[in-house]
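Report on the structure given below.
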Amino acid sequence: MPNTEIISKLLARHDTWRGQSQKSTQRSVSSGNDQIDLLLKGGWPTAALTELLVQRPGIGELSLLLPAIRDYCQNNHLSVWLDPPYQPYAPALAAAGIALQKVLIVQSKNPREWLWIAEQCIRNNALLLAWSDNKMASYSDLRKLQLAAADSGHAAFLFSANKERNHQQSGSSPATLRLEVDSAGEKNLRLSVRKLRGVAPGEQLL
């Protein structure tokens, strides 16, 4: 006899799709920008891992997430920043309405520790922002993070810089959303969807 409890848990997961359904629904949290929400079919996917493939660190990619970070922190969630390439600028975070006491910066010692910290943060309902520039996370590593996000019901974000981008784009990924972020002139960003159900790869927003 099948284990009905296990089956029920699988069917209750946010990333489970039933074959008889005409389409799956993906819960999301608003990005705070109507155009981005329209591009992403509602906003940042929750219960999901999002990969941000960034041209280079510091082009303004964090500005995309400030409203989501603010909302998570206001709802009493910790925002954990794992191995950020630069020291976050506290006055800018405060000006965006982010409670600084809810922001925790962590530096890992090696790839194994990085993965453990990332997974534990997600499973303990923190909003994870992780940078993988020196870690080269494998498919199985990302799969663990995607599953942790699906179980927790929260969004998780992974930043990959330009030196990893060719490798990352050419391979498959378990992430629900993969979004390329490039600078496009002064104070402009170009967002290109590489993977998101219901959105054609290559769809862009300036």
Side-chain angles (χ1 to χ4, degrees), residues 8-18 21-54 61-82 84 93 96-99 102-104 106 115 117-132 137 139 141-160 168 172-181 191-201 203 205:
S8 296
K9 288 182 178 180
L10 286 173
L11 292 177
R13 288 172 58 112
H14 300 287
D15 60 345
T16 297
W17 176 76
R18 298 191 187 197
S21 302
Q22 292 185 354
K23 64 179 181 179
S24 61
T25 58
Q26 172 67 57
R27 296 181 182 179
S28 59
V29 58
S30 175
S31 68
N33 181 290
D34 292 341
Q35 289 182 304
I36 296 177
D37 287 352
L38 184 61
L39 175 68
L40 302 181
K41 304 300 181 183
W44 302 115
T46 57
L49 176 66
T50 290
E51 283 188 86
L52 296 171
L53 307 172
V54 183
E61 66 277 14
L62 276 175
S63 65
L64 301 173
L65 301 183
L66 292 180
I69 297 170
R70 180 196 63 221
D71 292 345
Y72 266 87
C73 291
Q74 286 179 348
N75 286 296
N76 205 32
H77 290 285
L78 196 65
S79 176
V80 178
W81 299 34
L82 178 58
L93 298 181
I98 295 171
K102 293 293 183 180
V103 177
L104 178 64
V106 180
L115 178 61
I117 293 170
E119 185 176 2
Q120 294 305 309
C121 288
I122 296 172
R123 291 194 180 279
N124 285 279
N125 298 318
L127 176 65
L128 176 71
L129 280 68
W131 284 259
S132 64
Y139 183 96
D141 292 340
L142 299 185
R143 178 64 176 165
K144 288 182 179 180
L145 300 185
Q146 170 63 36
L147 290 174
D151 288 340
S152 73
H154 295 299
F157 296 92
L158 175 66
F159 294 89
S160 301
Q168 294 280 7
S172 59
S173 170
T176 297
L177 168 63
R178 306 186 83 206
L179 189 68
E180 183 179 352
V181 184
L191 310 182
S192 304
V193 176
R194 296 304 173 197
K195 176 187 177 183
L196 180 63
R197 183 175 293 166
V199 180
E203 191 166 338
L205 171 66

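On a predicted model such as this, the values are computed, not experimentally measured, just so you know. Position 1 is the first residue of the sequence, and the numbers go up from there.
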Against R178, only a single residue in S160, S192, S173, P201 fulfils side-chain contact (heavy atoms from CB on, under 4.5 Å); can you say which? S173

What one should report as the nearest heavy-atom pair of I36 and N33 is N-OD1, 3.0 Å

May I ask you to test the L145-L115 pair for a side-chain heavy-atom distance under 4.5 Å? yes

Is there side-chain contact between L64 and L191, with at least one heavy-atom pair below 4.5 Å? yes

Using the side chain to side chain donor-acceptor pair (under 3.5 Å) criterion, which residues pair with S31? Sequence neighbours excluded. D37

Heavy-atom side-chain proximity of N125 to H77 below 4.5 angstrom: yes

Measure the CG-CD distance between L179 and E203 for me, rounded to the nearest 0.5 Å. 11.0 Å

Quick one, L65 and Y72 - any side-chain contact, counting heavy atoms below 4.5 Å? no

With rounding to the nearest 0.5 angstrom, report the SG to CD1 distance, C73 to I98. 6.0 Å

If you count the non-hydrogen atoms of other residues, nucleotides and ligands that lie under 6.0 Å from CG in N75, is the total more than 12? yes

Not counting sequence neighbours, which residues clear side chain to side chain donor-acceptor pair (under 3.5 Å) with S79? List them please. W81

Is there a donor-acceptor pair under 3.5 Å between the side chain of Q146 and the backbone N or O of L49? yes

Residue pairs involving residues 118-131 (criterion salt bridge (charged side-chain N to carboxylate O under 4.0 Å, His left out); sequence neighbours excluded): E119-R123, R123-D151

For a 4.5 angstrom cut-off between non-hydrogen side-chain atoms, does V181 reach L53? no

Listed partners of K195 passing side chain to side chain donor-acceptor pair (under 3.5 Å), at least two apart: none

Over all heavy atoms of both residues, which pair between P45 and A155 is shortest? Give the atoms and the distance, please. O-CB, 3.4 Å

Counting C-beta onward and ignoring hydrogens, is there a side-chain heavy-atom pair between E51 and R194 closer than 4.5 Å? no

Would you give the length of the straight line joining atom CG of N124 to atom CG of L78, rounded to the nearest 0.5 angstrom? 10.0 Å

For S152, which of L128, I122, L147, T46 qualifies under side-chain contact (heavy atoms from CB on, under 4.5 Å)? I122

Could you check whether atom NZ of K102 has more than 12 heavy atoms from other residues, nucleotides or ligands sitting under 6.0 Å from it? yes

With distance as the sole test, does T176 use its side chain to make a donor-acceptor pair with the main-chain N or O of A48 at under 3.5 Å? no

Which residues satisfy the side chain to side chain donor-acceptor pair (under 3.5 Å) test with S63, sequence neighbours excluded? none

For W44 against A68, the heavy-atom pair lying closest together: CD1-CB, 4.1 Å

Can you tell me how far CG of D71 sits from OG of S30, rounded to the nearest 0.5 angstrom? 7.5 Å

Contact check, side chains of L129 and L62, non-hydrogen atoms, under 4.5 Å: yes

Shortest non-hydrogen contact from Y139 to P174? CE1-CD, 3.5 Å

Output all residues satisfying salt bridge (charged side-chain N to carboxylate O under 4.0 Å, His left out) with E61, sequence neighbours left out; order by chain, then residue number. none

